Amino acid sequence: MNEQFYWVKLTIGVIATIGLYSVLYRETKFYRFFEHLFLGLAAGFILVALWKETLKPLWWDKMTGSVTIDDVTKVSTIDQPGFWIYGFLLPIGLMGYLVFSKKHNWMSRIPIGIILGFWSGQQVQIWWNRWGAQIYGSMQPVWPTTTDSFTRPYTEGMAPADQAYIAAQLYPSQAISNLIFVITILAALSYFFFSFELKGKFLKGTNTLGRWLLMLGFGAIFGSTVMARFVLEIDRMSYIFVEWVDQTSKMFPGGG
Amino acid sequence: MKFLTQLAQLPPEYNPFWAKEPGNDALLWIFLTIGVGIVGMLLLTRVPTRARRPIVWTFTFLSGAFYVIYYLWPMPIDRDAREIPQGFVEQGGFFMKDALPRVADIANVLTFLLLCLGIFSLTKIHSARVVKKQKDWFFSVVLLVAMVVMVIVGYWDYILKEFNDPNALLTKAENWGTVNYAYDLLFDGLIQQMDAAMFSMIAFFILSAAFRAFRIRSVEATVMMASAILLMISLMGAVDYQWSELIKGWTGDDPAHMLNNLNLSQISGWVKNYLQIPSIRALEFGVGLGALAMGLRIWLGLERGGVSV
Amino acid sequence: MSTPEKSFWDKAQTLDRRVLYAVLIVLTATSLFFKTEIPVNPDDSSKDLYVSLMTIDPSKTVLIESDWTNSTRGESAGHFEALMRILMFRKVKFVVYSIADAQAPQVARDALMRIQEERKGQGLKEYEPWVDYLDIGYFPNAEGHLQAVGNNIRTAWGGRKERDDTGKERGIFESPVLSNVRVVGDAGLVVVVSASATIDIAVERLYGKVPLAFMVTGVMGPNALPYYQAGQIVGIGVGLKGVYDVEYMMKYGVNYRPDGATKAKVLYKEDSVVVAPVTEGTTMDRGARYFLPLHVALTLMILAIIFGNVAMFASRRKKKEAK
């Protein structure tokens, strides 16, 4: 890529980033300018993608079909017939825009209803595909098959037959871990399903335990989310202080 | 029945139920279809109020029914285009198998047309603000101008690449012209960088919020904090590694030693595998059951606010 | 009426947020300039991901679902770039498509172009569109699209056309990239590089039909790990740690002992599996650059939480003592 252009592009990107970051100090007109610039460009890009990424390849090309004409024999062969029935999609899709009409806004629910219908129908078949293996994976064995040792022995250097024997056993330490897994999932599920007022010490206790264990999950989600958010900030710092500074020093070698 | 047999016997791509040979004939059919659709739309504007709900629900139910029947109906496995279905069950299976990609196309096109509804709404609001010279109308001008510029440059770049570049030279930056540079400047120089900046600001807010509000005030908060801190430490590879080196010193690098279980990656891995994963799974399972129930309610027209009018 | 004087701990709790912001900026920006390789113990899930990528049959095509934009560049770009480098090193053909965002295809194109330019600069072979890879764009209805791909990839992508190496538009299944794919299971692997819930859609529609692997952001990681535990995906890289793990293994391999070394840097659960490092082009890049600043930022976060709590307890104690 042209070095000068790359520098201009980086510089504009840095100014825009600083413009948006200015809200961290306080909201100013400088920030609002870049906020609206961002919204406008992003909206414009969606309109470009409307034809380029969607309507052209998924609607127009498929609707009109295509023919290849051999350069030598001039014989034409059909690559893809035209699915003329897709013509209906334009008026149906446009009905969505009647949401702004006071009189006919109910018609906007037709395309929305079609999409929701597709989604609803798929739920029936996808549910097991997603949850079947997970339900199976939650059925962990909790009774040890051996008490030769509390934990699984270290197997490197052993004969393959001994390694295979050890690998097939469930040692007490693993059984306890599995039991904790099962208790965690049952307690957390009970917190979800028994959302009405509970009577009895056992149910109440399970519910409380479920709440605590769910917090463990939320803690993990929080920690992982923190990593993600910090990395985005680090990336912006890299964009400004590494990429832009590097390119600037390349453009103006004597300047710094 | 005879009609279904005829349909199912044809190779999927030549099924006249939805396909025509490319050319003027096909174009005529397309415009006819769009015309019929528009007439249908106009007719719908005249339906009485009490018929609206059943109409919307019929569309929803039929859309959902396709996938439900598809799931329950016996389907051909790895169909060859020359295979001829025998009997009603096979004919139905062949027909539905061929119809699935068409249904996916329908969903793709309608979804994107509905996504653009947001842009339409944005344009409407900001145009009104400019026309009425409401407060901060200048920013609405910025938004609208940016949108128009992006559309012009975006389509210009697209036309150059799609129609004026038979050898695909413009896939490489060294062959770019002014418009291609302008498009890259707007997309990669501005949209992408501002997108990244917007999302990265959450890091600042999350730090500030954690400092002010993440307090040990209950058992729940304490458990959550301990879990979060353990996970954050385990993400710091250097801490994990140094700790494991320390343990190696204690154990004399004996891989069978019990103390190896004190490695940070071992502890956090155990907490992740036996406490965090089941609790997140239970959480997601609850959401999954809810989605299934919601799906059935929408499909059967029981959900108010979904497709009801 | 005089207001009671605020103690140090009271003031600490109401510290101006902008001070914290400034500390974060200064610390992360400064630490970017220290280039140091941090030794790590890669996560088991990252090791499985790397082993899967390095052991795919090169004659099989990989399908890449690129569902990220620059809003998660810090993590997703690292994942995508590492994936490109591994596949190009192993000469595996691939198809890129997106289902999450209209911007995603362009972002993937730009990232791919960066890697191509990098390889060109290193004197390595560039990947040719049509011959080595296909970029087939965006499909807005994620659910319906993946459902159709799982059902019959030939009809789901049947109408898509791309320019061949002579500039002529042809159906994508005529390309050497997809000519060997009749059903989705013919693909070597589907890798979902995602910053959103499209991972759920992929499992729901493709699990059992083709092996799946994920490269996800930290936000999506906890949601994705149950799939790994249940064996629905072959491997997963989570967040920047996942990026760094993969880059580290690209440099040192798995169970791999270079000549003279007595011990491998990265050990795998199966002793018999030995995976060599990536021996051409760049290995340690974005993950390595951002890993130290991540340590700094996470330390700041932990200290901020601890300091906030200490301040709360100290302030309470002071108030009790005053009473």
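So that the names make sense, note that chain A is the first sequence line, chain B the second, and so on, each numbered from 1. For clarity, every value in this text was computed on a predicted model and none was experimentally measured.
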Which portion of B:Q266 sits near chain C, non-hydrogen atoms under 4.5 angstrom: neither
Region of B:E245 that comes under 4.5 Å of a non-hydrogen atom in chain C: neither
Counterpart residues, side-chain hydrogen bond (donor to acceptor under 3.5 Å, both in side chains), relative to C:K209 (two or more places apart): none
Any donor-acceptor pair under 3.5 Å from C:N309 side chain to B:F214 backbone: yes
[X], part contacting chain B, at a heavy-atom distance under 4.5 Å:
{"X": "C:R182", "value": "side chain"}
{"X": "C:D43", "value": "side chain"}
{"X": "C:T14", "value": "backbone"}
{"X": "C:D110", "value": "side chain"}
{"X": "C:L225", "value": "both"}
{"X": "C:R18", "value": "neither"}

Donor-acceptor pair between B:Q193 and C:R73 side chains, under 3.5 angstrom: no
Residues in residues 270-279 of chain B that sit under 4.5 Å from chain C, counting heavy atoms only: B:K272, B:I277
Selection residues 294-313 of chain C - residue pairs positive for ring-ring contact (aromatic ring centres under 6.0 Å, His included), sequence neighbours left out: C:F291-C:H295
Sorted by number, residues from residues 98-108 of chain C in contact with chain B (heavy atoms, under 4.5 Å): C:A102, C:Q103, C:Q106, C:V107
Interface residue of largest heavy-atom contact number with chain B, from C:L292, C:L146, C:I302, C:D44, under 4.5 Å: C:I302
Intermediate values then yes/no, side chain to side chain donor-acceptor pair (under 3.5 Å), B:K97 and C:N152: CA-CA 8 Å; B:K97 189 104 179 157; C:N152 186 341; over 6 Å; no
Verdict with supporting geometry, C:Q229 and B:R281, side chain to side chain donor-acceptor pair (under 3.5 Å): CA-CA 10 Å; C:Q229 189 270 346; B:R281 180 173 290 167; 2.5 Å; yes
Enclosure of C:F34 CZ (heavy-atom neighbours >12, cutoff 6.0 Å): no
